[in-house]
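The structure under discussion appears below in the form of structure tokens.
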Number of protein chains: 2
Amino acid sequence: MPTTTAAQRREQARVEYDAFIRSCPTNQLLDRISDKWVSLVVCALSPGPMRYSELSRKIAGVSPKMLTQTLRSLERDGILARTVTPAVPVRVDYELTPLGDSLSLLLAGVKNWAETHIEQVHEARERYDAEADG
Amino acid sequence: MPTTTAAQRREQARVEYDAFIRSCPTNQLLDRISDKWVSLVVCALSPGPMRYSELSRKIAGVSPKMLTQTLRSLERDGILARTVTPAVPVRVDYELTPLGDSLSLLLAGVKNWAETHIEQVHEARERYDAEADG
DNA sequence: CTGGATCCGAATCGATACTG
DNA sequence: CAGTATCGATTCGGATCCAG
């Protein structure tokens, strides 16, 4: 007789669903842009190219580790291009690709929605929290 | 002389920047919709109301804890409404509010971008990984 | 200047068991 | 049916040190 039934079946469902989710383009994209630093980097780069140290200063609170990590993954995804200029102090520039520009446009849409509706969200929160108090 | 300099200054910058980020509506929204389950719940609910157990089944891999947590925060933000019908087995329905509908529209836009561009991302990844190999 | 490697603490997720 | 409480596992992010 089976020592596992419900647990195994649920585990199975979880794995399958996980695969489904990961294969969904929307979720892949959400996973990507949801990263805390991604939108900031894309936003920072949208006016034009920037050096590593410039980004590091503009984004302020980011650690070298996270900045590099973010930059690398965005480069891998074709969102931005990395250009190394071999000099005595090495110079590295980051620049949005056309795909990156397109993404920054989408982000602008998100930003627009956020600015239009965030107040409603805040009001809803206050109502909700007020009820919780009473 | 100070034993802390760079670290302290960065810490300070981090705190300030953190405040800036959190006050930014776009980031607030991104934080919200980036949650693994949020988009799934909104998507599941967009055709119409659903009961807790229906959601639980439709979203499959979610644990009760995460489902409740997601539902609660969405309710707090005015994205969905929770309706309790006192009966012998209690009945609870969840339904998108107008704000939630609006959000699901935005999500549709995101989905559209994702489906249009995800292939480019995949191609970029393959190129990148191929270079890494060689 | 531009990062890579490592360690560690915090936060988060998920499974399980239990309640009304 | 609709959750809540708890605990363990995992993951993430930051600090630090080091290298090209």
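Just the heavy atoms: all of them, side chains too, but no hydrogens, waters or symmetry mates, feed the values below. Every chain is numbered from 1 and lettered A, B, ... according to where its sequence line falls, protein lines coming before strand lines.
Between the side chains of B:R32 and B:S73, at least one donor N or O lies within less than 3.5 Å of an accepting N or O. Of the N and O atoms on the side chains of A:Y52 and A:T68, at least one donor lies less than 3.5 Å from an acceptor on the other residue.
Ionic pairing of B:D129 and A:R76 is present here: one or more N-O contacts between side-chain nitrogen and carboxylate oxygen are shorter than 4.0 angstrom. A salt bridge links B:D93 with B:R91: at least one charged nitrogen is closer than 4.0 Å to a carboxylate oxygen. Under 4.0 Å is where a charged nitrogen must lie from a carboxylate oxygen, and between B:D77 and B:R72 no such pair does.
To the nearest angstrom, P of C:dT12 lies 16 Å from CG of A:D31. Computed from coordinates, the A:D93 CG to C:dC1 P distance equals 14 Å when rounded to whole Å. One can place CG of A:L67 at 17 Å from C1' of C:dA5, the figure rounded to the nearest angstrom. Following rounding to the nearest Å, A:I21 (CD1) and C:dG14 (C1') show an atom-to-atom distance of 13 Å. The nearest whole Å value for the distance from the CG atom in B:L74 to the C1' atom in D:dG3 is 17 Å. Rounded to whole angstrom, the span from the CG atom of B:D18 across to the P atom of C:dA11 amounts to 12 Å.
Contact check, B:Y94 against D:dG3: a side-chain N or O comes under 4.0 Å of OP1 or OP2.
Between B:W113 and B:H117, the ring-plane angle classifies as parallel under the 30° and 60° cut-offs.
In the set D:dG20, C:dC7, D:dG3, the nucleotide with an atom closest to the side chain of A:K65 is C:dC7. The listed nucleotides are C:dC13, C:dT2, D:dG14; the one nearest the side chain of B:M66 is C:dC13. Distance from the side chain of B:R91 is smallest to D:dA2 among D:dG14, C:dT16, D:dA2. Side chain of A:P89, nearest nucleotide from D:dG14, C:dC1, C:dG14: C:dC1.
Mapping A:Q69 and B:V92 onto DNA chain D by nearest heavy atom places B:V92 closer to the 5' end of the strand. Residues B:L71 and A:V90 both approach DNA chain D. Their nearest nucleotides, taken by heavy-atom distance, put B:L71 toward the 5′ side. Remark on DNA chain C: of its neighbouring residues A:R82 and B:P64, the 5'-side contact belongs to A:R82, judged by nearest-heavy-atom nucleotide.
Only B:R51, B:Y52, B:S53, listed by number, bring a heavy atom of residues 33-55 of chain B to less than 4.0 angstrom from any atom of DNA chain D.
A 4.5 Å side-chain heavy-atom check between A:T85 and A:V90 finds every atom pair outside the cut-off.
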